[in-house]
Protein chains: 2
Amino acid sequence: MKKDSNGVCLCPLEGIITTISKKWAMQVISALGHHNRLRFNDLMSILDGVSPKSLTDLLKELQKKGLIRREAFPEVPPKVEYFLTDDGKQLCEAIIPLIKWAEKQDDLRQEICNPTCKSTSYSSK
Amino acid sequence: MKKDSNGVCLCPLEGIITTISKKWAMQVISALGHHNRLRFNDLMSILDGVSPKSLTDLLKELQKKGLIRREAFPEVPPKVEYFLTDDGKQLCEAIIPLIKWAEKQDDLRQEICNPTCKSTSYSSK
DNA sequence: CTGTATCCCCAGAGATACTG
DNA sequence: CAGTATCTCTGGGGATACAG
């Protein structure tokens with residue numbers, strides 16, 4: 001759909017936005033960025049309230065997009081680990097300006113998303 | 001939900017993602033960034049296929065979030081113009097890294113979103 | 001021209017129970 | 001432990017007609 005004022009085509013956004021706007025998607029990305037490797041039930045508890053179906057659906061989506069990878073260990077009981085791909089890590093970097101912008105907006109409106117999130121901001125800022 | 005590996009809280013993203021992931025949202029932002037000021041029917045034709053209801057819903061949402069502004073002229077027939085706020089313009093800037101990242105992903109997969117979009121890349125900035 | 005007012009539809013997300 | 005298998009439900013989005 002043409003370019004925007006910066007000479008940037010927005011088309012590529014379609015794909016990633018449909019992905020990252022999925023519920024829990026950014027939390028998964030974030031959690032994996034934070035913990036490096038996590039198992040299914042780890043994610044289940046970090047993403048408090050998510051159902052197994054929703055989580056598996058999401059994990060498959062994220063794998064398909066090449067953001068995370070799955071590693072299964074042939075053990076009993078089963079053990080599966082998920083972790084970010086390099087692309088996933090780069091995505092984390094790419095959204096930082098967006099977060100900064102959003103954070104600034106929130107500040108202006110004195111809206112606090114969540115108590116656990118207070119006092120959190122850019123290491124620098 | 002804590003911070004990610006970069007020490008960044010993802011909470012602020014929630015709000016903006018729910019906004020920009022709305023259908024046509026980025027197209028509206030982009031169109032306004034490109035054309036500066038647009039009228040309702042201009043947007044209707046640029047966003048080919050959108051219904052008036054969907055468009056008005058979206059425009060209200062974007063106004064509420066402070067991304068665009070509406071100016072009505074007391075004329076007959078009515079005339080209304082929409083344009084980006086400074087925040088809206090800053091949002092355009094903030095998503096550039098994300099677009100660049102997404103564009104790179106698309107290139108790797110040889111996926112072309114749309115013919116009109118080919119040969120488009122970062123002219124300068 | 002710029003929108004409301006209705007009605008409809010279905011994909012995404014959740015709840016729950018069950019399996020290899 | 002790590003998922004399926006079903007079922008349900010909601011609301012975002014679309015179509016269409018109409019109004020100021």
Side-chain angles (χ1 to χ4, degrees), chain A residues 1 10 13-32 35-65 67-83, chain B residues 1 10 13-32 35-65 67-83:
Chain A
M1 200 134 276
L10 289 171
L13 265 185
E14 307 263 321
I16 188 54
I17 282 188
T18 56
T19 298
I20 69 179
S21 68
K22 283 183 188 294
K23 209 167 183 184
W24 310 109
M26 290 310 301
Q27 282 95 320
V28 167
I29 301 289
S30 169
L32 291 178
H35 294 95
N36 199 25
R37 278 169 166 263
L38 288 172
R39 304 176 60 173
F40 189 83
N41 275 357
D42 294 334
L43 288 166
M44 282 290 287
S45 43
I46 292 176
L47 279 61
D48 195 51
V50 74
S51 71
K53 173 189 177 301
S54 300
L55 182 54
T56 46
D57 287 352
L58 176 59
L59 291 172
K60 283 176 183 169
E61 165 85 6
L62 296 178
Q63 288 170 71
K64 208 176 61 183
K65 299 285 176 154
L67 299 179
I68 68 176
R69 197 135 48 209
R70 191 188 112 115
E71 187 173 7
F73 300 88
E75 304 173 0
V76 175
K79 175 180 170 183
V80 177
E81 287 184 344
Y82 294 91
F83 54 98
Chain B
M1 194 136 275
L10 289 171
L13 265 185
E14 306 264 319
I16 187 54
I17 282 189
T18 56
T19 298
I20 70 178
S21 68
K22 283 182 187 292
K23 208 167 185 185
W24 310 108
M26 290 309 301
Q27 281 96 320
V28 168
I29 300 290
S30 169
L32 291 178
H35 294 92
N36 200 25
R37 276 169 168 262
L38 288 172
R39 305 178 58 176
F40 190 83
N41 274 1
D42 294 334
L43 288 167
M44 282 291 287
S45 43
I46 292 177
L47 280 59
D48 196 49
V50 74
S51 72
K53 173 189 177 300
S54 300
L55 183 53
T56 47
D57 287 353
L58 176 59
L59 290 173
K60 282 175 183 168
E61 165 85 7
L62 295 178
Q63 288 170 71
K64 208 176 62 184
K65 300 284 175 153
L67 300 179
I68 68 176
R69 197 137 47 210
R70 189 187 114 115
E71 186 172 6
F73 300 87
E75 304 174 355
V76 175
K79 175 179 169 183
V80 177
E81 288 184 343
Y82 295 91
F83 54 97

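A sub-4.0 Å separation between OP1 or OP2 of D:dG14 and a side-chain N or O of B:Ser54 is present. Of the side-chain N and O atoms in B:Arg39, one or more sit less than 4.0 angstrom from OP1 or OP2 of C:dT2. Neither OP1 nor OP2 of C:dG12 sits under 4.0 Å from any side-chain N or O of A:Trp24.
If you check every strand for non-hydrogen atoms under 4.0 Å, A:Tyr82 touches sugar and phosphate atoms only. Using a 4.0 Å heavy-atom distance criterion, B:Lys53 is classed as a base contact.
Between C:dG14, D:dG3, C:dC1, one nucleotide has an atom nearer to the side chain of A:Phe40 than all others, and that is D:dG3. Each of D:dA15, C:dG14, D:dA2 was ranked by its minimum atom distance to the side chain of A:Lys23; first place goes to C:dG14. The side chain of B:Pro52 sits closest to C:dG3 out of C:dG3, D:dA15, D:dT4. Ranking C:dG14, D:dT4, D:dA2 by closeness to the A:Lys60 side chain, first place goes to D:dT4.
Each of B:Gly49 and A:Arg70 has a nearest nucleotide on DNA chain D; the 5'-most of these lies closest to A:Arg70. With the nearest nucleotide of DNA chain C identified for both A:Pro78 and A:Ser21, A:Ser21 has the one nearer the 5' end.
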For a side chain to side chain contact (heavy atoms under 4.5 Å, CB included) check, start with the C-alpha distance between B:Leu55 and B:Met44, then their side-chain angles and the critical distance, and finish with the verdict.
CA-CA 7 Å; B:Leu55 183 53; B:Met44 282 291 287; 3.6 Å; yes
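Separating the CG atom of A:Asn41 from the P atom of D:dG3 is a distance of 9 Å, rounded to the nearest angstrom. Rounding to whole angstrom units, CG of residue B:Leu62 and P of D:dG12 are separated by 14 Å. Here the P atom of nucleotide D:dC1 and the CG atom of A:Leu38 are 15 Å apart, to the nearest Å. Atom CE in B:Met44 sits about 13 Å away from atom C1' in D:dG13, given to the nearest Å. Atom CZ of A:Arg37 is separated from atom P of D:dA2 by 13 Å (rounded to the nearest Å). When rounded to the nearest whole Å, the span between CD1 of B:Ile17 and C1' of C:dG12 equals 16 Å. Between the CG atom of A:Leu59 and the P atom of D:dT4 there is a distance of 10 Å, rounded to whole Å. To the nearest angstrom, P of C:dA15 lies 11 Å from CG of A:Asp48.
When atom types are taken as modelled, the side chain of A:Glu61 and the backbone of A:Asp57 share no donor-acceptor pair closer than 3.5 angstrom. Within the 3.5 Å criterion, the main-chain N or O of B:Pro52 finds a donor-acceptor partner in the side chain of B:Thr56. Between the side chain of A:Ser54 and the backbone N or O of A:Val50 there is no donor-acceptor pair closer than 3.5 Å.
Under the 4.0 Å criterion applied to side-chain N and carboxylate O atoms, B:Glu71 and B:Arg37 are assigned as salt-bridge partners.
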